[in-house]
Structures are given as structure tokens and as C-alpha cells.
Amino acid sequence: MATQDLTLQEKLEALPSDPGVYRFLDADGKVLYVGKAQNLRNRVRQYFQKSRSSDPRIDVMVGRVADVELTVTDTDVEALILEANLIKKLKPRYNILLKDDKSYPYIVITKEPFPRVFVTRHKAGEGARYFGPYTDVRTMRFALKTVRDIFMIRSCNYDLTDESIAAGKYKICLDYHIKKCEGPCEGLVTREHYSAMIEQVAKVLKGKTGSVVESLRAEMDRLSGEMKFEEAALIRDRMRALTVYTEKQKMVDPRGADRDIFAVAGKGDDACGVVFKVREGKVLGSQHFYMTNAESKSEAELLEQFIEGYYLDGDDIPPEIDVSAEIESRPLLLSWLRMRRNGEVEIQVPRGGETAKLVNMVRNNAQFWLEELEIQRAKRGDVLPHSVAALQRDLRLASPPRRMECFDISNTQGSDPVASMVVFVDGKPKKSEYRKFKIRTVQGANDFASMQEVVGRRYRRLLEEGAELPDLIVVDGGKGQLSSAVATLSEVGVRDVPTIGLAKRLEEVFVPDQPEAILIPRTSSGLRLLQRIRDEAHRFAVTYHRTLRSKRILRTDLDLIKGIGKKRAAELLEAFGSVQGVKFATEEQLSEVVGDSVAERIKLYFGGDEEGPADTSSEGGTAAPGGGIVSRKRKQDK
């Protein structure tokens, strides 16, 4: 819809009543949420009605919506497909997101004259067939070993074409001699025979072992009848290997039905979905997938998103799907699945019997994998600390402030102005990411302007580098410092990151566009976390400021003398202890350190022939008899 010149309210008034997909955008044009609707007008307007039931996460999202984009579709099924594809592509912040399955391995059958079968983690080949993804690598390896033991498929990477085979480009390898390959590289097997074998491989990977066993038995009987007993024995061995593979699969349905069983479990912002693949009545394998942005989502919503994401790229859709809860858009989902399968599909919620027990077992598996995720996070130190969760609650943030960046300004009556930025990740300082800034554009003691400068420098650079933005920005100060930071953030294009100011006197927390401060209870661990990061930023800024001030006081005079660089200045300070010690040293004493010409310049700079007393012990130096120098470390002259 071409409605770019309309305001958001005008767009809401002009919404059509057709099916389609809507996208909520923030002020920067970033997609916040993607949804589908049978009636776009009714569905989208619900978000902005005051009578809508309150949901903190939805409330925060709606508060950030600056625009809405629509794609009208002819049918509800088209809307479902478009929504699933957009969520996978855009990964909007407020949608339930299935973990990217590209990290899981597949078994692929390539599209070649003589296809290969191997493991891959990326779906790339056009026309290739993929089986998986396998979340259990042991199951995947066992399946691959089985098909390689049973079928004589090539393991080489040769580019076998009719032309290369006719030209004799490749030679048979060891696999041929140990009867692991039939030698397609030298044309010892026809494409028709090899293709028939590959179709049997695909059936085994799909769990359709019954028809493969019957086919092998018929082949074995034929070879026996032709007195080809050695070849028949090979077929017999393959049948035995296939039987072992089949027996390792648990029988759960005496009817020998094909079906997928789905269940989910959620906790906080995380959820896990598990699917059991049952083929010919046996569990072919199970897969689990983690989901994010699951907080406040019902089991039905999680199931719907899980099933849509799972079947979006998969083509192995059984005629029966069992789920752990009723799905609101079940008719729409069924229409899509039937179209994908080109056949009948049923979705049901078992209420009793063995099937219900099996669904409950799948749910227990989902709960197990969710607990496993928490254990792994605990081992990595990735569990959300209580103080971070408390701060999220105290500040009413949409997501936990796992990464926080805090700024502080330090100067002495406007001299040597500096700033610091400290980083806390999961409530702990990450010192490797601390940054210190010299104020470049501000004259005098202007903390507001200094804050604008350093905040602008920091986040312009992050945006240019495409680096991760923090979950919370903290500035040390009250309304003035906060307003300066917020104005600069808006100018550079950072608008979605929560920003607060922490005033030290009463520990008041200020937020943008809110006149009154938020008073967090003194006992809150969230407030203590804010105090820690503010105090650390102050410490880091003051330390840097003192370092620069000391260097300026100690070295300014020496730096102004022609012929004295950093190395000679260091030698002079080492010999005479301080700038004052250098000033009152004799020209002969200076010459022993830096030579006659530079010593003469130093004496001219500090007042010609004026010499200090022979005893300079107050400066930490002693003149040796005969004009020599006793060199020793001395305190810096403050």
C-alpha cells in the first residue's frame, strides 16, 4: 500500500478488511513485529485500543510503533507463508524466534548424475534433497553409517559427468575393491541403477525401511535363482544391517502409522520445542529447537510458531500431526500443510490412551532440554543475575539490561577535561571494553556539552562499525546530563536504547520525558547495581584526569624547550628528580646528561645564568664534588 505520506493514525483509519501481513516499524524504519491477519483492519487496530488487555511487552512495543506497513494477500494461507518467511528473514525483536537451524547438520543427497550422500550444515545446492536437521549428531552419524554400509554409494568428490567418464578422467579407488562402491567413475554402473539405489537411500533416511527390505529381498531371491550366490550374500548382509538399524528404532504405534508429534515448554523469555518423527510406527528420531521472545506467550502460540518454522523449508510432512495443545489458527495451518504435502493432513490433540502418553513424553523432553539450556548457561556464567532482573523490574524495561554502558565527566575547574565509559555485562565489569576520552571541542567546565561530545563519539563509531548496542545507557548526573545524552543519541540515530541519569545526592533515577525522578527502594539489588556502575565510571574518569594533570604539570616546561623530546625529558627527570631540579642544576651538570648545546638552551629558558644552591636535597638531588651528578629517583614536583 502506498501510504507513506499518511500519519500512523491516518493509516489505522484507512486499513483494509482483507487478509494479509502487517509490519510494525519504529522511528528508524526497523521492523519491530510481523503478524498475519484474516482481517487486517480488525487485527491491527486491536493493538491501539485502550480496551485491550494490558501486556507489558506489547505495551512497550506499541509505544515504539511509528509506522505500519501492509501486504494484502489473496488468501489466509498466503498470509501465513509470507509471515513465516518474513519472521525468518527479518528476525523482529518482538516475534517468537526459532533458533537458526543452520547450526545443525543435515544429510544431503546432491543433484548430480551420480549423487553423493554426505553431511552438511548449510542448505545451498539447488535441487538437492536434505534430511534433518539433526539436533542429535549421534543419530545423524548412525543413519549415515547405515546407508553407507547397506548401499554402494560413492564417497569421492569427483565431478562425474558422461563426458568425464567417457574420457577416462578418473580411476576407481580402494572403495571399489572392498565392495563399497560400484565404480561409476569408470562407467561400471549405469545411471539408472545408481539412481534406483539413491531412491532407496532416501527412503531409509525418511524411515521408510519396510519397502526397502522387500526390494532387497526380491533382489536377493533373483540373484540366488541365477546362481549368483556371492552377490546374493552381499544383498543378505545389507538386509541384516538394515534390520539392525530398524530394530534400534522404538516401536510406538502398532498400526505402523507416519506422524510427527509436537510439544513445547517455556520459562521466562525462553522456550523449547521438540518433535518426534514417527515413521512406519517407529520413532525415527527426535529434534529440539530453542525459541526466544517467548515470555507471556501461551503454549498454543508457541506451538503454532514452532510448527510453521519447522515445516517452512521441510518437505517431509506426514498425514498425521499430534500436538500438546489446541492451535487457534488450526484450519489455516491445515490448509497450508495440505498444500505443501499435496495430500491429506490432520492435526489433533490426543485426549487419552497411548498417543496422549506419547505426547506427554515429548513435552517432558521439551522440559528436559529447557533445563539443559539453563545448566549450560550456568556453566558459562550466562544465567541472568538477580540484580539485572531486579533492575529490569525497577525501570520497567522490555528486556533485561545485560549489557550496560555508563558515562562520567571529570575536570578541575575546566582544566584537563576527560570522560570515561565503563561496561558491565550481566552485572559484572568488563574492563577490556572500558574507554576513556579526552574532551576535544568543549572549553571550560561544561559537563553538559562534554557529555554530548563523548556520547556522540561513542555511538557514531558503534553504528559505523555495525557493533552491538547496549541494553541500557547510564549517565552520571541528573536531568541536564540526561537531556544532553538523549539529544545526541537521537541526533546520531540511536533511539531504541533505554537511557537514564543517576543523580548522586539522593540516588534519584531520571528517565527521558518524565519530569519526576524514579525512586528505587534502597534495598533493591537493582539500585545497588546502578550505584556500582556509576561509582566505577567516576573512579575510572578521575584516575584518567589525574594522570593527564600530573603529566601536564611535570612535563610542560621541558616539552617547550627546543631539542628536548620525550626521551631526553625522561633522562633529565631521572637525573634531577623533577622540573625544579632541572631548573636549578648547573650547566655543567646538565651537559653530562644532554650535552653542551641542549644544556645551554635549558639554562637560557629557565633564566640564563641563575643557578640553584649546591645542596638540592629538598628536590631529591645532590650535586657531587667537581660538578658531577649523583643520579637517583626523586619524587615528582606536584
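With Arg534 contributing its side chain and Cys406 its backbone, the two residues share no donor-acceptor pair below 3.5 Å. Side-chain atoms of Arg330 come within 3.5 Å of backbone atoms of Ile347 as a donor-acceptor pair (strictly under, hydrogens ignored). A donor-acceptor distance shorter than 3.5 angstrom exists from the side chain of Glu453 to the backbone of Arg440, with no hydrogens or angles considered. The closest donor-acceptor contact from the side chain of Asn293 to the backbone of Arg93 lies under 3.5 Å. Put simply, the side chain of Asn95 never gets that close to the backbone of Lys91: no donor and acceptor are under 3.5 Å apart. When atom types are taken as modelled, the side chain of Asp28 and the backbone of Lys30 share no donor-acceptor pair closer than 3.5 angstrom. Using modelled atom types, one side-chain atom of Arg340 and one backbone atom of Leu312 make a donor-acceptor pair closer than 3.5 Å. Ser410 contributes no side-chain N or O that, together with a main-chain N or O of Val418, makes up a donor-acceptor pair within less than 3.5 Å. Of the possible polar contacts, none joining the Arg23 side chain to the Val34 backbone as a donor-acceptor pair under 3.5 Å is found.
Under the side chain to side chain contact (heavy atoms under 4.5 Å, CB included) criterion, Ala356 pairs with Pro350, sequence neighbours left out. The side chain to side chain contact (heavy atoms under 4.5 Å, CB included) search around Val486 returns Leu482, Thr499, Pro512, not counting sequence neighbours.
Annotation: the span from Leu302 atom CG to Ile307 atom CD1 amounts to 11.0 Å, rounded to 0.5 Å. Taken to the nearest 0.5 Å, the CG atom of Asn42 stands 8.5 Å off from the CD atom of Gln49. Here the OG-NE2 distance, from Ser525 to His386, works out to 3.5 Å after rounding to the nearest 0.5 Å. Rounded to the nearest 0.5 angstrom, Asp394 CG and Ser524 OG are separated by 3.5 Å. Residue Glu491 holds its CD atom at 5.5 Å from CZ of Arg460, rounded to the nearest 0.5 Å. Taken to the nearest 0.5 Å, the NZ atom of Lys277 stands 11.5 Å off from the CD1 atom of Ile261.
Counting non-hydrogen atoms of neighbouring residues, nucleotides and ligands closer than 6.0 angstrom, the CD atom of Gln38 reaches no more than 12 such neighbours. Around CD of Gln46, the count of heavy atoms belonging to other residues, nucleotides or ligands within 6.0 Å exceeds 12. Around CZ of Arg539, the count of heavy atoms belonging to other residues, nucleotides or ligands within 6.0 Å exceeds 12.
Salt bridge Glu508/Lys479: absent, no basic N to carboxylate O contact under 4.0 Å. Remark: Glu536 does not engage Lys430 in a salt bridge, criterion side-chain N to carboxylate O under 4.0 Å. Remark: Lys297 does not engage Glu304 in a salt bridge, criterion side-chain N to carboxylate O under 4.0 Å.
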- Message: Please evaluate residues Phe24 and Tyr47 with respect to the criterion side-chain contact (heavy atoms from CB on, under 4.5 Å), reporting the C-alpha separation (whole Å), side-chain torsions for both, the decisive distance (0.1 Å), and the verdict.
- Response: CA-CA 11 Å; Phe24 289 144; Tyr47 287 95; 3.6 Å; yes

- Message: Let's go through Phe262 and Tyr311 carefully: what are the C-alpha distance in whole Å and the side-chain angles of both, what is the deciding distance for ring pair (Phe, Tyr, Trp, His ring centres under 6.0 Å) to 0.1 Å, and is it a yes or a no?
- Response: CA-CA 12 Å; Phe262 289 86; Tyr311 287 127; 5.6 Å; yes

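Of all the heavy atoms in Ser324 and Glu299, the pair that sits closest is OG-OE2, 2.7 Å.
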Distance-only check: which donor-acceptor pairs under 3.5 Å involve side-chain atoms of residues 463-475, not counting sequence neighbours?
| unit_1 | atom_1 | unit_2 | atom_2 | d |
| --- | --- | --- | --- | --- |
| Glu465 | OE2 | Arg461 | NE | 2.9 |
| Asp471 | OD2 | Arg402 | N | 3.2 |
| Asp471 | OD2 | Arg403 | N | 3.0 |

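Tyr290 and His288 have perpendicular rings, their planes meeting at more than 60° on a 0 to 90° scale where under 30° would count as parallel. Aromatic ring pairs are classed by plane angle as parallel below 30°, tilted from 30° to 60° and perpendicular above 60°; the pair Phe407 and Phe437 is tilted.
Here the options are Val509, Leu530, Ile533, the test is side chain to side chain contact (heavy atoms under 4.5 Å, CB included), and the partner is Leu391; only Leu530 passes.
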